[in-house]
Amino acid sequence: LHGFPVFWFTWNRQIPALVQAGYHVIAPDMRGYGLSDKPMGVNTYSAAAITADIDALREHFCGTSGRLCLLAGHDWGAFVVWAALQRYPSITKRAAILNVPHPVTFARGLSSPQQLLRSWYIFAFQIPAP
């Protein structure tokens, strides 16, 4: 899963190597990015909605038979992978999280003024558009 503000193409250099290694790779545009749907309303971008999208993709491509599905996420996509793992613990047996700590570790880090300053952009995205 891609980060912000990019789209699926961020994985274009990794996809051939993963395919060559025998993986079936799905690199979707997440909701609101690239050519994906862009539903109206803040609630349509909730963690529940976005992780439901990921679970629906997993079910469509991997089925419900327990076939192995691996998730990888970078930046915002990594936060989505963490959220998917929390909401759907059986969604995958393995995950690759790139550039984002576990949510508990991240929350703990926000108690530091230095980390709060470094994370200013996350809070800026919470300001509603005029």
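Any value given below was found using the heavy atoms of this structure, including those in side chains, with hydrogens, waters and symmetry copies removed.
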Under 4.5 Å between side-chain heavy atoms, hopping through other hydrophobics if needed: is there a path connecting Trp8 to Val6?
no
With under 30° as parallel and over 60° as perpendicular, where do the rings of Phe61 and His24 fit, or are they tilted in between?
tilted
Which residues share a side chain to side chain contact (heavy atoms under 4.5 Å, CB included) with Tyr88, sequence neighbours left out:
Thr51, Ala52, Asp55, Ile91
Can you tell me how far CH2 of Trp76 sits from CD1 of Ile122, rounded to the nearest 0.5 angstrom?
9.5 Å
Which heavy atom of Ile15 sits nearest a heavy atom of Ala27, and at what distance?
CD1-CB, 4.0 Å
When every non-hydrogen atom of Val81 is compared with those of Ala95, the smallest separation belongs to CG1-CB, 3.9 Å
Can you sort out the partners of Gln86 under side-chain hydrogen bond (donor to acceptor under 3.5 Å, both in side chains), two or more places apart, ordered by chain and number?
none
Please enumerate all residues that pass ring pair (Phe, Tyr, Trp, His ring centres under 6.0 Å) together with Tyr33, with sequence neighbours excluded.
His2
Identify all side-chain donor-acceptor contacts of residues 96-116 below 3.5 Å with residues at least two apart in sequence or on another chain.
unit_1: His102; atom_1: ND1; unit_2: Val104; atom_2: N; d: 3.0
unit_1: Ser111; atom_1: OG; unit_2: Arg108; atom_2: O; d: 2.7
unit_1: Ser112; atom_1: OG; unit_2: Gln114; atom_2: N; d: 3.2
unit_1: Ser112; atom_1: OG; unit_2: Gln115; atom_2: N; d: 3.3
unit_1: Gln115; atom_1: NE2; unit_2: Ser119; atom_2: OG; d: 2.9

Those residues that, when tested against Phe125, pass ring pair (Phe, Tyr, Trp, His ring centres under 6.0 Å) (two or more places apart):
Phe4
Which pair of heavy atoms, one from Leu57 and one from Pro28, lies closest together, and at what distance?
CD1-CG, 3.7 Å
With heavy-atom distances below 4.5 Å as the criterion, would you say the side chains of Phe79 and Ile50 are in contact?
no
Begin with the C-alpha distance, continue with both residues' side-chain angles, and end with the deciding distance and a verdict on side-chain contact (heavy atoms from CB on, under 4.5 Å) for Met30 and Leu1.
CA-CA 7 Å; Met30 288 196 293; Leu1 302 176; 4.0 Å; yes
Under the salt bridge (charged side-chain N to carboxylate O under 4.0 Å, His left out) rule, what pairs show up with a residue in residues 21-31, not counting sequence neighbours?
Arg31-Asp53
Straight-line distance of Cys69 SG to Arg94 CZ, nearest 0.5 Å:
12.5 Å
If you round to the nearest 0.5 Å, how far is CG of Leu35 from CZ of Phe7?
7.5 Å
Counting heavy atoms not belonging to Asp37, are there more than 12 under 6.0 Å from its CG?
no
What do you reckon, is CZ of Phe9 surrounded by more than 12 foreign heavy atoms closer than 6.0 Å?
no
Verify, without hydrogens or angle tests, whether Tyr23 (side chain) and Ala17 (backbone) share a donor-acceptor contact under 3.5 angstrom.
no
